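A short write-up of the structure that comes next.
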Amino acid sequence: MSAGPRTPFENKFIEWFDQRLPIFTMMNKEYGVFPTPKNFNYFWNFGAIAMFMLVTMIVSGITLAMHYAANTGLAFDSVERIMRDVNYGWLIRYIHMNGASFFFIAVYIHIFRGLYYGSYKQPRELLWIFGVVIFLLMMATAFMGYVLPWGQMSYWGATVITNFFTAFPWVGEPIQTLLIGGFSVDNPTLNRFFALHYLLPFVIVGVVFLHVWALHRTGSNNPTGIEPKDERDTLPFHPYYTMKDSFGLLIFAIVYCIFVFFMPNELGHPDNYTPANPMVTPAHIVPEWYFLPFYAILRAVTIDIGIPFTDITIISAKLGGVLLMFGSIAILLVLPWLDSHPVRSARYRPKFRLFLLLFVVTVLVLGKVGGMPADVPLFHITKDFVFTTTHVAQIATVYYFAFFIVILPVLSRIEVVKPMPASIHEAVLKCQSSCGGNA
Amino acid sequence: MRKLLLTSLVVSALCALVPVSAHASEGKEYPLPNVEWSFEGPFGTYDRAALQRGYAVYRQVCSACHSMKRVSFRNLSALGYTPDQIKSVAGEYTYQDGPNDEGEMFERPGRPSDHFKSPFANDKAAMAANGGALPPDLSLITKAREGGADYVFGILTGYGAAPSDVTVLEGQYFNKHMAGHVIKMPPPLTAGAVTYEDGSPQSVEQYAKDVATFLTWAAEPELEQRKQMGFKVLLFLGIFAAIMYAVKRKIWAKVH
């Protein structure tokens, strides 16, 4: 953002403008000639895709807000009015509804990319932390957005999730009361959730700005995890990556549109097409699919932790679950210090690669059991001991945390890496001769 | 990269295997019938004749207890009715309106812009008249139930004699597809109850199929427009993506 040396523009108006506010110089520096490693694979598209989804959500969301009424007596009807009577209202709403899912899909792949290629490591720790903050803000925004249509899952999801906070001693209940604006989920809850659901996306935009700023400070990581050394390792961002990102984005948009136009309710829950009713509890309350792994961690804790041989409970099962659930995301904040192995990319770290893929399986398994009722019996181990989904969730939760707290620090000390290329362009040349040369 | 994709595939395959036997063996489970619907699949559209027959079944049978608050008479034009037909259908109902200039509420015949008239004044009245059970509003029923139209068809055709392990109390009926297998709605359809003018069979199955089609339309009136637009959008994106792929190949050809 500093002025720096400036090359004059040919166009008179642009030159006049740029002398006074060097926006064109900045854009050219950051998105035109910006040196970018030449060996990105398609995993590197998902940052741009996530950005596209953020804009899509804000634009469709603002349009929906023009027709939505944040009042418990009107909310459900106003959403149905959007679906039936507003011109192309169904399109805008299905774009927004499925957009939330596809935003999370993009971000989950983006996070996985970061993990696999070690993008969180020195000097990109802050970049990573901003990313985790964006993820947290997205979760809060998505949760509050899901409450707005005021269907059965909206209401009961809000009730269950705000109830987590009561697990904290002393401060818990006041926090919950403040959050829902009363003693049960009601009109004040809906009003403040709508206000915050409108506000938080712009906070996300702000943190995304910091995220991108930090990225442009350190430069991008790349599949080898080796820093670019000279100009043979990099390409200008435009046209190479603007065009590659556009292609990747279009493929993503095709999948997204298949959902929007041909199966718009596939990712949602039928119960949310029944208006909220505080007197009728749904058979089982589940959050949206993108929260299921964390929901499984929450429910995995089934025992109180107390002082042995007394009745004193220090951490109730409920509090334990809530702490683990928040901890499962908070632990990402310190990941750059848990994994201090000097080599970034999993390409050269076979053990890390194996444990990381196992971690991905674990998260998917958590997602699967998170969507099922608790304690569903799976099979008998002995005659009396039945293995249930809760046991699956417990084992998966243990691995989730062990991966960060035990496996990564140990691997940082002992893992021997595979031979590495000296530079990015050497890796590219080697790949062309041996792995079929994909650009 | 290829190795990574392969591993991811194996991983997803393993995940699909995880829920081996999810269901506990509590009573008999009846899978929903898998009916072939005209509106299924990416090319599916509503069968207009089925919609009109379904509307007749709804009007003559379902609407005695079930409201359909979100659908207006004017929406019936999508079923193929003319404006005059719609006007006369709406005119058969009376609505309370007002207040007029004297401050009085008054009754008037229905207009195309009116929503379908609910059979009961409010939920309490509906429950009082139906043994404590609330007949759900049907505007969104196929979207609000797992299985959609198959579920509606299943409920309407799922009555029968209760097996020994299901207790059916006074005012209740056994139904294969209701949660808990017990429902308070008496079997609503009997063969021949609704007269079809187009010669379609006047059987419970046919009624159930037609009314489920109608209810799907009521829940998703935009379905045909949505799919049509979807094809245009996908065509556009597909061509655009192909062009961008060619552009990207051309630009990158010189690199390395």
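Each chain gets a letter, A, B and so on, in the order its sequence line appears, and its residues count up from 1. None of these values were measured; they are calculated from a predicted model.
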Under 4.5 Å from a heavy atom of chain B, the part of [X] involved:
X      : value
A:N39  : neither
A:L235 : side chain
A:I254 : both
A:P223 : neither

Mutual orientation of the aromatic rings belonging to A:F387 and A:H391 [parallel < 30°, tilted 30-60°, perpendicular > 60°]: parallel
Polar side chain donor-acceptor pair, A:N272 to A:S154, under 3.5 angstrom: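 A donor-acceptor contact under 3.5 Å links the two side chains.
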Part of B:P42 within contact of chain A (heavy atom distance under 4.5 Å):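 Its backbone and side chain both get close to chain A.
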Engaged part of B:F231 at the chain A interface, taking heavy atoms whose separation is under 4.5 Å: both
Given A:Y94, A:F102, A:F261, A:F52, the one that forms ring pair (Phe, Tyr, Trp, His ring centres under 6.0 Å) with A:Y256: A:F102
Result of checking B:F214, B:F73, B:Y46 against B:Y55 for ring pair (Phe, Tyr, Trp, His ring centres under 6.0 Å): B:F214
Chain A neighbours within residues 112-136 of chain B, where any heavy atom lies under 4.5 Å away: none
Ring centroid separation A:F247 to B:W252 under 6.0 Å: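 Judged by ring-centre distance (under 6.0 Å), A:F247 and B:W252 do not meet the cut-off.
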Reference residue A:Q152; test side chain to side chain donor-acceptor pair (under 3.5 Å); the match among A:W150, A:W156, A:Y155: A:W156
